[in-house]
Amino acid sequence: MPTKLSRFCEGIIEAAWIMAIILVPVFFNVYSSRIFEPDKIALLRTLALLVAAAWFAKFIAGGFSVKGVVPLRGQAAWKEILQVPLVLPALGLALVTLIATAFSITRSVSIWGSYPRLQGAYTTLSYLVLFAALLGNLRRHEQVERLVTATIISSLPVALYGILQRYQLDPIPWGGDVTIRVAANLGNSIFVAAYLIMVFPLTAGRMILAFRAILDNTTPPATAMIRATLYVFIAVLQVITLYLSGSRGPALGWMAGSFLMVLVLGIYTRR
C-alpha cells in the first residue's frame with residue numbers, strides 16, 4: 001500500500017526528471033569558462049542524485065515495483081525488472097563502464113570525465129539513474145503526457161535561439177562563428193541537430209492528434225485550432241533550426257525517422 005512518504009518521493013522523482021528534460025537542453029552559463037557541457041552535466045548530476053535519494057527513500061517506505069503498484073522485494077523484484085525491455089542493455093552498459101573505469105590508466109579522468117566535457121563514469125551512471133527512474137515510476141498516462149509536453153516546450157527556446165544566431169540577433173558575442181552553422185543552447189551544431197531530431201517525432205505526433213481532434217470534434221474548435229497551430233509552429237522552427245545547423249548526419253537521421261514515422265502512421269490508419 002503506497003504511503004504518504006512514497007507518494008511524496010514519487011512527486012520529487014517526477015519533478016526532477018521534468019526539470020532535467022527542460023533545464024539541461026536550455027541552460028548554459030556565460031559566466032563560466034566552459035559555458036555549455038560541464039555546466040549542463042553538473043545540473044544533470046545533481047538532479048540524478050536527487051532522484052536516487054528520493055527513490056531510495058521510496059524503497060524504504062514501500063518496496064519496489066516496475067509494472068504495477070504492488071511493492072516487490074528481493075528475488076521477485078529482480079525478476080520483474082529483468083523482464084522489462086532495455087533493462088539488460090542498460091545493465092550491460094553500466095557493467096562495461098565500471099569495468100573500463102576500474103582498469104583505466106587515468107582513473108580519475110575516467111570517473112569524473114575530462115575537463116572540457118565531464119563525460120566520465122559518473123555522468124554515464126547519472127544517465128542510467130534517470131533512465132531507471134523513468135522505468136520504475138512512469139506508470140500513468142498523465143505522467144507520459146507531462147513528459148512529452150515538457151520535452152516539446154523545452155525545444156522551443158533552443159530552436160528560436162538558433163534562428164536568432166543565424167540572423168545575427170544573438171545578444172551574446174561568441175568567440176566562434178555561429179551564424180553559418182548555428183549552435184543554439186547546446187554549443188555545438190551537431191548536438192543541437194541531434195537533440196531536435198529526437199524531439200521532432202513527439203511534436204509531429206502531438207500535431208497529428210491536434211488535427212485529429214479538429215476533424216472528430218472531440219474538443220472545442222477554438223482550443224483544437226490553437227493547439228494545432230502551436231504544434232505546427234514548433235515543428236517548423238525545429239526543422240528550420242535543424243537545417244541551419246548544417247549537420248548532415250542528424251539530417252539523414254531526421255529523414256529516416258520521418259519516413260519510418262509516416263510508414264507506421266500509414267499502417268496504423270489502414271488498420
Side-chain angles (χ1 to χ4, degrees), residues 2 5-7 9-21 23-25 37-38 40-114 117-141 143-144 146-148 150-151 191 194-195 197-199 201-202 253 257 260:
L5 178 59
S6 65
R7 287 193 292 268
C9 292
E10 286 179 356
I12 292 178
I13 293 170
E14 183 175 359
W17 77 49
I18 292 293
M19 288 177 65
I21 286 290
L23 296 180
V24 173
E37 278 185 79
K40 291 175 182 290
I41 288 175
L43 177 61
L44 184 135
R45 287 175 174 179
T46 303
L47 293 172
L49 287 174
L50 179 63
V51 166
W55 205 2
F56 180 74
K58 177 190 171 185
F59 174 77
I60 297 298
F64 185 85
S65 177
V66 173
K67 298 177 183 176
V69 295
V70 180
L72 297 176
R73 295 182 184 273
Q75 188 175 1
W78 278 108
K79 286 182 178 179
E80 187 179 19
I81 293 169
L82 294 177
Q83 289 175 357
V84 178
L86 291 182
V87 166
L88 284 176
L91 291 175
L93 175 61
L95 181 62
V96 169
T97 300
L98 293 174
I99 293 174
T101 303
F103 290 95
S104 173
I105 58 174
T106 53
R107 193 169 292 114
S108 61
V109 176
S110 297
I111 293 173
W112 304 108
S114 64
R117 296 193 182 275
L118 294 186
Q119 293 286 352
Y122 184 12
T123 302
T124 302
L125 295 177
S126 298
Y127 298 150
L128 293 174
V129 165
L130 291 174
F131 163 78
L134 285 163
L135 192 68
N137 298 278
L138 191 65
R139 298 197 189 101
R140 299 187 304 276
H141 180 71
Q143 290 178 297
V144 177
R146 283 194 292 267
L147 181 63
V148 173
T151 305
F191 293 171
Y195 167 72
I197 67 171
M198 291 189 288
V199 182
L202 300 176
L260 181 62

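Computed from heavy atoms alone, side chains included, the values below leave out hydrogens, waters and symmetry copies.
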If I compare all heavy atoms of [X] with all of [Y], which pair ends up nearest, and what's the gap?
| X | Y | value |
| --- | --- | --- |
| Gly136 | Trp55 | CA-CZ2, 4.2 Å |
| Val199 | Thr151 | CG1-O, 3.7 Å |
| Val51 | Ala133 | CG1-CB, 3.4 Å |
| Ala16 | Leu47 | O-CD1, 3.9 Å |
| Ala48 | Val129 | O-CG1, 3.6 Å |
| Cys9 | Ala57 | SG-CB, 3.6 Å |

- Given the rule in the side chain to side chain contact (heavy atoms under 4.5 Å, CB included) test, do Leu86 and Phe131 qualify, once you have shown the distances and angles that lead to the verdict? CA-CA 10 Å; Leu86 291 182; Phe131 163 78; 4.0 Å; yes

- Item | Lys40 side-chain N/O to Val24 backbone N/O, donor-acceptor pair under 3.5 Å | yes

- Has the side chain of Thr46 got a donor or acceptor atom that lies under 3.5 Å from a matching backbone atom of Ala42? yes

- Query: Between the side chains of Thr101 and Arg107, is a donor N or O closer than 3.5 angstrom to an acceptor N or O?
  - Reply: no

- Task: Determine whether Met19 and Leu50 make a side-chain contact, defined as any pair of heavy atoms from C-beta on separated by less than 4.5 Å.
- Result: no

- Query: Taking C-beta and beyond as the side chain, do Leu130 and Leu44 meet within less than 4.5 Å on heavy atoms?
  - Reply: yes

Euclidean distance, [Y] [atom2] relative to [X] [atom1], rounded to 0.5 Å:
| X | Y | atom1 | atom2 | answer |
| --- | --- | --- | --- | --- |
| Trp17 | Arg146 | CH2 | CZ | 8.5 Å |
| Gln143 | Leu134 | CD | CG | 9.5 Å |
| Trp112 | Ile41 | CH2 | CD1 | 13.0 Å |
| Leu147 | Leu202 | CG | CG | 8.0 Å |
| Ser110 | Ile105 | OG | CD1 | 8.5 Å |
| Leu5 | Glu10 | CG | CD | 10.5 Å |

